[in-house]
Peer 1: 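Pasting a structure here, questions to come.
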Amino acid sequence: MLEVISVRWIKFVNVVLKDERVVKVTFSDNPFYENIQSNTAKSLKQDLERYFSGEKVDFSSYGVNLSELSDFVRVVLNEVRSIPYGSIITYKELAESLNTSPRAIGQALKRNPTPVIIPCHRVVAKNGLGGFSAGIEIKRELLRLEGLKL
DNA sequence: CTGCGAGTCAAAC
DNA sequence: GTTTGACTCGCAG
């Protein structure tokens, strides 16, 4: 069962669900054709709309499908999911808590298929912003939504 | 301030 | 095997 959510923001944010688990999040200039059936998808759409209008929303209760990723990436992304709304951590700090290196963390984050749901934008460089697979301006705006500025 | 080299480690080639 | 980063640190100019 495949479902699609598309909500308007500075760009359209498109979320693809498979069997009520998030498999992919993308950003685009035009909306995706929606297909919303399950209660999970309905509730997620509402949560996304609330989040992008500036409300504090926690996505950690939604299921995510990470089966195509390596073990290392899964471990990193799981750790990232525990970062609370409105707070940030550096690549270095994440690396230290997982006994690896900042660059390896960056590699793993780049492979995050579901930005926002897995809040990889809350991981920043020690001095500055770091990068973002969907574009650095998206990351900056996500942080601003959560009341942070860099 | 800016630039460069080295350390680091998973992924990609 | 070698190269390449969503990084960081230290040390020159």
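In what follows, every chain begins at residue 1, and chains take the letters A, B, ... in the order their sequences are listed.
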Peer 1: When rounded to the nearest 0.5 angstrom, what is the spacing between CH2 in W9(A) and CD1 in I138(A)?
Peer 2: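 CD1 of I138(A) is found 5.5 Å from CH2 of W9(A).
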
Peer 1: Just to be sure I understand the rule, does K126(A) reach a base, reach only the sugar-phosphate, or reach nothing, if contact means heavy atoms closer than 4.0 Å?
Peer 2: sugar-phosphate

Peer 1: Can you tell me if the side-chain N/O atoms of K92(A) get under 4.0 Å from OP1 or OP2 in dT8(B)?
Peer 2: no

Peer 1: Let me know the distance between CG of N127(A) and P of dC1(B), rounded to the nearest Å.
Peer 2: 10 Å

Peer 1: Using a strict 4.0 Å threshold on nitrogen-to-oxygen distance, state whether E137(A) and R140(A) make a salt bridge.
Peer 2: no

Peer 1: Has the side chain of E3(A) got a donor or acceptor atom that lies under 3.5 Å from a matching backbone atom of L17(A)?
Peer 2: no

Peer 1: Give a yes/no answer on whether the side chain of R111(A) brings an N or O atom under 4.0 Å of OP1 or OP2 in dA6(C).
Peer 2: no

Peer 1: Could you tell me which nucleotide pairs with dG5(B) by Watson-Crick or G-U wobble geometry, both distances under 3.5 Å, or answer none if nothing does?
Peer 2: dC9(C)

Peer 1: In this structure, how many angstroms lie between the C1' atom of dA6(C) and the CG atom of L129(A), rounded?
Peer 2: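 It works out to 9 Å between those atoms.
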
Peer 1: Short question: side chain of R74(A), backbone of L69(A) - any donor-acceptor pair under 3.5 Å?
Peer 2: yes

Peer 1: Which listed nucleotide (dC9(B), dA6(C), dA11(B)) is nearest to the side chain of K110(A)?
Peer 2: dA6(C)

Peer 1: Of the candidate nucleotides dA6(C), dT8(C), dA12(B), which contains the atom at the shortest distance from the side chain of A125(A)?
Peer 2: dT8(C)

Peer 1: Any idea which of dG5(C), dA10(B), dA11(B) is nearest the T100(A) side chain?
Peer 2: dA10(B)

Peer 1: When we call it a touch if two heavy atoms are under 4.0 Å apart, what does F72(A) touch: a base, just sugar-phosphate, or nothing?
Peer 2: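 Touches sugar-phosphate only.
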
Peer 1: Whole Å only: how far is the OH atom of Y91(A) from the P atom of dC9(C)?
Peer 2: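 Taking OH of Y91(A) and P of dC9(C), I get 14 Å after rounding.
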
Peer 1: Can you tell me the distance, in whole Å, between the CG atom of L143(A) and the P atom of dA6(C)?
Peer 2: 18 Å

Peer 1: Between P102(A) and Q107(A), which is nearer to the 5' end of DNA chain B once each is assigned its nearest nucleotide?
Peer 2: P102(A)

Peer 1: Name the closest nucleotide to the S70(A) side chain, picking from dA6(C), dA11(B), dT8(B).
Peer 2: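 Out of dA6(C), dA11(B), dT8(B), the nucleotide with an atom closest to S70(A)'s side chain is dA11(B).
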
Peer 1: Which whole-number value in Å describes the distance from E96(A) CD to dC9(B) P?
Peer 2: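 Going from E96(A) (CD) to dC9(B) (P), I get 12 Å.
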
Peer 1: For the backbone of Q107(A) and the side chain of R111(A), can you confirm whether one donor and one acceptor N or O come within less than 3.5 Å of each other?
Peer 2: yes

Peer 1: Measure CD1/I105(A) against P/dA11(B) and give the value in whole Å, please.
Peer 2: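 Rounding to the nearest Å, CD1 of I105(A) and P of dA11(B) are 11 Å apart.
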
